[in-house]
Amino acid sequence: MQAIFVAAISLDAEGRLLRAKLARVPGFTHDVIAAWSKAHLSANCTVLSDGLACFSGVTKAGCRHEPLAVGGRKPKGLPEFRRLNTPCSAT
């Protein structure tokens with residue numbers, strides 16, 4: 001069985017890591033991401049995502065969404081995702 005997780009990090013003004021949050025969610029849907037965001041994110045924060053449509057759900061929590069369409073590239077190769085990207089593991 002594959003588990004689905006949402007991960008978020010908080011950075012200070014200089015871009016240093018302050019906090020990290022990892023949570024299991026039932027799926028990548030707009031409603032799931034909206035509910036998770038309302039419970040775990042601060043309103044008015046900026047959320048950078050890889051452009052997956054469900055992440056627009058963060059706006060329901062009052063967050064600003066900045067999708068970065070990766071266009072088939074691996075997010076781990078982009079500087080915006082150097083601290084957090086899509087982890088995978090073999091089962």
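Keep in mind that this is a model prediction, so the values were computed, not measured.
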Visitor: Measure across Leu41 and Ala8 and return the closest heavy-atom pair with its distance rounded to 0.1 Å.
Guide: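 Nearest pair, atom of Leu41 first, then Ala8: CD2-CB, 4.2 Å.
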Visitor: Testing the basics here: between Lys21 and Trp36, what is the closest heavy-atom pair and its distance to 0.1 Å?
Guide: CG-CZ2, 3.8 Å
Visitor: How long is the straight-line distance from CD1 of Ile4 back to CD of Gln2, given to the nearest 0.5 Å?
Guide: 6.0 Å
Visitor: If I compare all heavy atoms of Phe28 with all of Phe5, which pair ends up nearest, and what's the gap?
Guide: CZ-O, 3.5 Å
Visitor: Going by the side chain to side chain contact (heavy atoms under 4.5 Å, CB included) test, name the single residue among Ser49, Cys54, Ser56 that passes it with Ile33.
Guide: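 Only one of Ser49, Cys54, Ser56 forms a side chain to side chain contact (heavy atoms under 4.5 Å, CB included) with Ile33, namely Cys54.
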Visitor: Hey, is the main chain of Val32 close enough, under 3.5 Å, to the side chain of Thr29 for a donor-acceptor pair?
Guide: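 A pair under 3.5 Å: yes.
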Visitor: Which pairs pass salt bridge (charged side-chain N to carboxylate O under 4.0 Å, His left out) with one or both residues in residues 27-43, sequence neighbours excluded?
Guide: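 For residues 27-43: none.
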Visitor: Let me confirm one number: the CZ-CD1 distance from Arg16 to Ile9, rounded to the nearest 0.5 Å.
Guide: 13.5 Å
Visitor: Can you tell me how far OG1 of Thr46 sits from CG of Leu11, rounded to the nearest 0.5 angstrom?
Guide: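 Output value for this atom pair is 11.0 Å.
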Visitor: So which atom in Ser37 and which in Val58 form the shortest heavy-atom distance, rounded to 0.1 Å?
Guide: OG-CG1, 3.2 Å
Visitor: Nearest 0.5 angstrom please: Asp12 CG to Arg19 CZ, how far?
Guide: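 Answer for the CG-CZ pair, Asp12 versus Arg19, is 10.0 Å.
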Visitor: Calculate, to the nearest 0.5 Å, the distance between atoms NE2 and CG belonging to His30 and Leu52 respectively.
Guide: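 Reported to 0.5 Å precision, the distance equals 11.5 Å.
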